Number of protein chains: 2
Amino acid sequence: MVEYHLDHVFRALSDPTRRAILGRLAEGEATVGRLAKPFPVSFAAVSKHIGVLERAGLVTREARGRERVCRINPAGLTDVRAWIDFHERFWTERLDALDALVAETPGEPDRTR
Amino acid sequence: MVEYHLDHVFRALSDPTRRAILGRLAEGEATVGRLAKPFPVSFAAVSKHIGVLERAGLVTREARGRERVCRINPAGLTDVRAWIDFHERFWTERLDALDALVAETPGEPDRTR
DNA sequence: CCTATATTCAACCGTATGGTTGAATATCAT
DNA sequence: ATGATATTCAACCATACGGTTGAATATAGG
């Protein structure tokens with residue numbers, strides 16, 4: 001469940017317009033119209049982008065009259081964060097281990113064979 | 001420079017096969033052939049995936065004879081990590097601030113105006 | 001009720017993506 | 001040199017993506 005969810009979150013974050021929307025939303029809630037204004041694309045395009053963010057669990061959209069208020073969902077990043085955390089730590093540890101190995105080996109480490 | 005790079009890294013991470021390749025690579029270096037074996041897709045497809053990871057700066061590929069040895073590039077995650085770090089903290093802070101506001105306001109917070 | 005506003009929906013378009021297959025390239029082993 | 005192995009390249013295919021435009025829906029306000 002979590003794994004397949006990562007697809008959507010990473011995918012959602014891979015678009016600069018969507019990251020910009022998140023950046024704007026980090027300053028506070030906003031309607032779709034207000035969100036769309038600064039972007040050089042159509043209203044409908046922004047609406048779609050918000051849909052992607054919503055499906056990824058990064059944003060919530062709530063009806064208020066004829067407007068839709070968008071807010072950031074802080075929990076949306078936790079899975080991604082966990083993935084990054086784990087892998088970055090793991091990679092760094094391996095790198096450190098390799099460094100240590102090289103350091104304590106006087107001659108040729110000969111990792112190739 | 002960093003911003004457009006994020007596109008590539010997030011994009012690369014959005015595919016489960018590519019994340020699995022990274023997972024395998026976290027255990028240690030491997031040739032393209034060894035990497036491709038467990039996956040239900042063709043050799044060429046895996047080679048392409050590795051290309052995507054390489055272009056995103058997450059993996060390095062080095063020729064060793066007729067084989068190509070792939071390794072994880074630990075530095076590849078730092079930009080993404082920084083982005084997540086910043087946003088997660090920011091979002092959480094806003095959420096905390098909102099909680100505090102709601103807590104100390106007896107009646108209607110009236111966040112709408 | 002009528003009209004303007006806010007938003008989505010639907011259909012469409014060009015391009016990118018992930019996949020395949022078969023040919024091309026380079027290296028190893030005999 | 002010859003043949004097998006490892007990998008990429010090139011062409012192709014189906015599907016998904018980001019974009020547009022115009023119609024549809026719903027609410028606000030005179």
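Any value given below was found using the heavy atoms of this structure, including those in side chains, with hydrogens, waters and symmetry copies removed. Computed from a predicted structure; not experimentally measured. Within every chain, numbering begins at 1; the chains are lettered A, B, ... in the order of the sequence lines, protein sequences first and strands thereafter.
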Exercise for the section: For a salt bridge (Lys or Arg N to Asp or Glu O under 4.0 Å) with Glu29(A), tell me which candidate from Arg24(A), Arg61(A), Arg68(A), Arg71(A) qualifies. Expected result: Arg71(A)
Completion exercise
Residues at least two apart in sequence or cross-chain that pass side chain to side chain donor-acceptor pair (under 3.5 Å) with Glu27(A), listed by chain then number, are none
Practice task
Indicate the atoms forming the closest heavy-atom contact of Ile84(A) with Val80(B), along with that distance.
Solution key: CD1-CG1, 3.4 Å
Problem - Nearest-Å distance for atom pair CG/P, residues Leu35(B) and dT7(D) - result: 9 Å
Handout entry: Under 4.0 angstrom between Ser47(B) side-chain N/O and dT7(D) OP1 or OP2
Key = no
Handout entry: Residue pair Gly33(B) / Phe43(B): nearest heavy atoms and the distance that separates them
Key = CA-CE1, 3.4 Å
Completion exercise
Taken to the nearest whole Å, CZ/Arg61(B) to P/dA6(D) is 16 Å
Problem - For atom CG of Leu53(A) and atom C1' of dT8(C), their distance in whole Å - result: 16 Å
Exercise for the section: Can you run down the salt bridge (charged side-chain N to carboxylate O under 4.0 Å, His left out) pairs that involve residues 30-52 of chain A, sequence neighbours left out, and say none if there aren't any? Expected result: none
Check nucleotides 28-30 of chain D for protein N or O atoms closer than 3.5 Å to its own N or O atoms and list the pairs.
none

Handout entry: Check: Arg19(B) side chain, Leu13(B) main-chain N or O, donor-acceptor pair, under 3.5 Å
Key = yes
Nucleotides 14-21 of chain D: which of its N/O atoms have a protein N/O under 3.5 Å away?
from: dG18(D); atom 1: OP1; to: Arg18(A); atom 2: NH1; distance (Å): 3.2
from: dG18(D); atom 1: OP1; to: Arg18(A); atom 2: NH2; distance (Å): 2.8
from: dG18(D); atom 1: OP2; to: Arg18(A); atom 2: NH1; distance (Å): 3.4
from: dG19(D); atom 1: OP2; to: His49(A); atom 2: NE2; distance (Å): 2.2
from: dG19(D); atom 1: N7; to: Lys48(A); atom 2: NZ; distance (Å): 3.2
from: dG19(D); atom 1: O6; to: Lys48(A); atom 2: NZ; distance (Å): 2.5
from: dT20(D); atom 1: OP2; to: Ser42(A); atom 2: N; distance (Å): 2.8
from: dT20(D); atom 1: OP2; to: Ser42(A); atom 2: OG; distance (Å): 2.8

Problem - Length of the line joining Ile50(B):CD1 and dG19(C):C1', which is rounded to integer Å - result: 15 Å
Exercise for the section: In whole angstrom, give the distance that lies between atom CD of Glu54(A) and atom C1' of dC9(C). Expected result: 15 Å
Exercise for the section: Go through the structure and list residues passing ring-ring contact (aromatic ring centres under 6.0 Å, His included) with Phe39(B), not counting sequence neighbours. Expected result: none
Practice task
To the nearest Å, give me how far apart CD (Glu67(B)) and P (dC28(C)) are.
Solution key: 9 Å
Handout entry: Distance, rounded to the nearest Å, where Asp7(A) contributes CG and dT17(C) contributes P
Key = 16 Å
Practice task
Specify the closest pair of heavy atoms between Leu58(B) and Ala12(B), including all atoms of both residues, with the distance to one decimal.
Solution key: CD1-CB, 4.1 Å
Fill in the blank from the handout: Residues pairing under ring pair (Phe, Tyr, Trp, His ring centres under 6.0 Å) where one sits in residues 49-86 of chain B, two or more places apart or in two chains, turn out to be Phe10(B)-Trp83(B), Trp83(B)-His87(B), Phe86(B)-Phe90(B)
Problem - Atom-pair distance (CZ on Phe39(B); P on dT20(C)), nearest Å - result: 13 Å
